[in-house]
2 protein chains.
Amino acid sequence: MDKLDTRILSILQKDGAISMSNLSDQVGLSISACHRRVKMLEADGLITNYAARLNRKAIGFEIQVFIEAKLVSQRREDIQAFEAAILDMPEVLECHLISGDFDYLLRVAARNTEDYEKLYRERLSSIPSFAQMKTLLSLSTVKEFRGFHLG
Amino acid sequence: MDKLDTRILSILQKDGAISMSNLSDQVGLSISACHRRVKMLEADGLITNYAARLNRKAIGFEIQVFIEAKLVSQRREDIQAFEAAILDMPEVLECHLISGDFDYLLRVAARNTEDYEKLYRERLSSIPSFAQMKTLLSLSTVKEFRGFHLG
DNA sequence: CAGAATCTTCGGAAAATATACGATGGATAA
DNA sequence: TTATCCATCGTATATTTTCCGAAGATTCTG
């Protein structure tokens with residue numbers, strides 16, 4: 001991954017729908033050379049996919065919450081049961097196994113507070129291996145993810 | 001935003017580089033009708049942009065960390081100083097103002113532990129309004145963000 | 001039922017993407 | 001040093017996709 005690839009990735013992170021000719025101009029390559037590199041970056045798995053980013057509030061998700069969750073134990077069955085349950089809940093946008101007092105950090109979006117309360121009372125709390133949680137309500141987004149800082 | 005728009009958004013969240021003919025097939029519209037709706041969704045701001053998603057580890061960021069941060073006070077100047085500093089740090093991928101014991105939740109990526117330590121000792125801790133933090137090291141990603149669950 | 005909205009199909013121009021092929025330049029080995 | 005190989009580039013060309021308008025059909029709604 002040289003300077004040119006880095007530059008290509010930086011641009012594509014910000015604008016994945018840019019045309020090849022525009023992209024090639026910006027990195028200083030011919031269209032075909034640029035095209036070849038992009039395909040290479042895709043084939044090598046550096047670019048996993050392209051996606052439309054949506055405006056969370058505009059599509060009706062008023063609430064965003066981070067949840068620190070703790071399990072009843074670190075036994076394999078409990079871990080697997082919890083992770084399977086999480087993977088099966090589309091409202092849980094992401095989930096990370098973490099170090100610290102808690103075991104997992106989740107990110108959840110909900111249309112409103114009722115939906116969120118329902119989710120956490122009826123779905124999260126009812127996972128058998130689930131022991132305890134701490135809710136961090138996102139009051140506002142100071143900085144939104146717009147890609148990694150390369151180079 | 002009707003059923004068709006929802007369907008279009010769902011698909012574009014997963015694959016922002018899909019061709020119009022493929023997309024229109026999947027939603028059951030003609031190419032031009034589908035094209036019109038997509039442009040509308042963009043113009044209305046439901047779709048904010050398109051982006052390439054990168055494989056974090058493949059591009060060399062071994063470390064991902066969540067940080068809960070607390071300020072010395074909730075005075076306006078301290079808040080503004082902190083947020084300005086955060087916005088100026090490209091290693092901080094996102095930052096949310098949150099409810100709870102801490103004031104902010106950050107997500108940070110670093111190439112290795114040394115880079116991370118350097119970042120937090122030299123850059124984060126040195127923000128004047130910064131008082132205290134708790135690091136949640138991401139040990140593994142159980143579920144990755146792949147878009148909101150619509151409909 | 002009438003009007004509004006939205007769809008479909010068709011067509012063509014413009015733009016973008018993909019492919020083929022030859023040229024250049026650096027690295028390696030005789 | 002020179003020949004050869006390999007990676008990467010650029011130009012040119014072929015193919016596909018996008019964009020946008022027009023005209024008529026269909027669906028929804030009051």
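Residue numbers start from 1 in every chain, and the chains themselves are labelled A, B, ... in the order their sequence lines are given, proteins ahead of strands.
- Between the two ends of the helix from dC1(C)-dG30(D) to dA30(C)-dT1(D), each summarised by a five-pair axis, the helix axis turns through 40° (rounded to 10 degrees).
- None of E83(A), E68(A), H96(A), K70(A) except one satisfies the side chain to side chain donor-acceptor pair (under 3.5 Å) rule with Y104(A); the exception is E83(A).
- In summary, D2(A) and R7(A) do not engage in a salt bridge, as defined by a charged side-chain N under 4.0 Å from a carboxylate O.
- The separation between M40(B) atom CE and dA5(C) atom P is 11 Å, rounded to whole Å.
- Counting non-hydrogen atoms of other residues, nucleotides and ligands closer than 6.0 Å to OH of Y120(A) gives a total of 12 or fewer.
- Rounded to an integer number of Å, the gap from K3(B) NZ to dC7(C) P is 16 Å.
- Counting non-hydrogen atoms under 4.0 angstrom, R37(A) reaches the backbone sugars and phosphates but no base.
- Judged by distance alone, with hydrogens and angles left aside, the side-chain atoms of K143(A) form a donor-acceptor pair with the main-chain N or O of I86(B) at under 3.5 Å.
- The backbone N or O of E144(A) lies less than 3.5 Å from no partner atom in the side chain of T141(A), so there is not a single donor-acceptor pair.
- When the nearest nucleotides of DNA chain C are assigned to L4(B) and R36(A) by heavy-atom distance, the more 5′-ward of the two goes with L4(B).
- The backbone N or O of K14(B) sits less than 3.5 Å from a side-chain atom of N49(A), completing a donor-acceptor pair.
- The number of heavy-atom neighbours closer than 6.0 Å to NZ of K118(B), taken from other residues, nucleotides and ligands shown, is 12 or below.
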Please produce a list of atom pairs where a protein N or O lies less than 3.5 Å from an N or O of nucleotides 11-19 of chain C.
from: dT17(C); atom 1: OP2; to: M20(A); atom 2: N; distance (Å): 2.6
from: dA18(C); atom 1: OP2; to: H35(A); atom 2: NE2; distance (Å): 2.2

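- Counting heavy atoms from C-beta outward, Q13(A) and L150(A) have side chains that approach closer than 4.5 Å.
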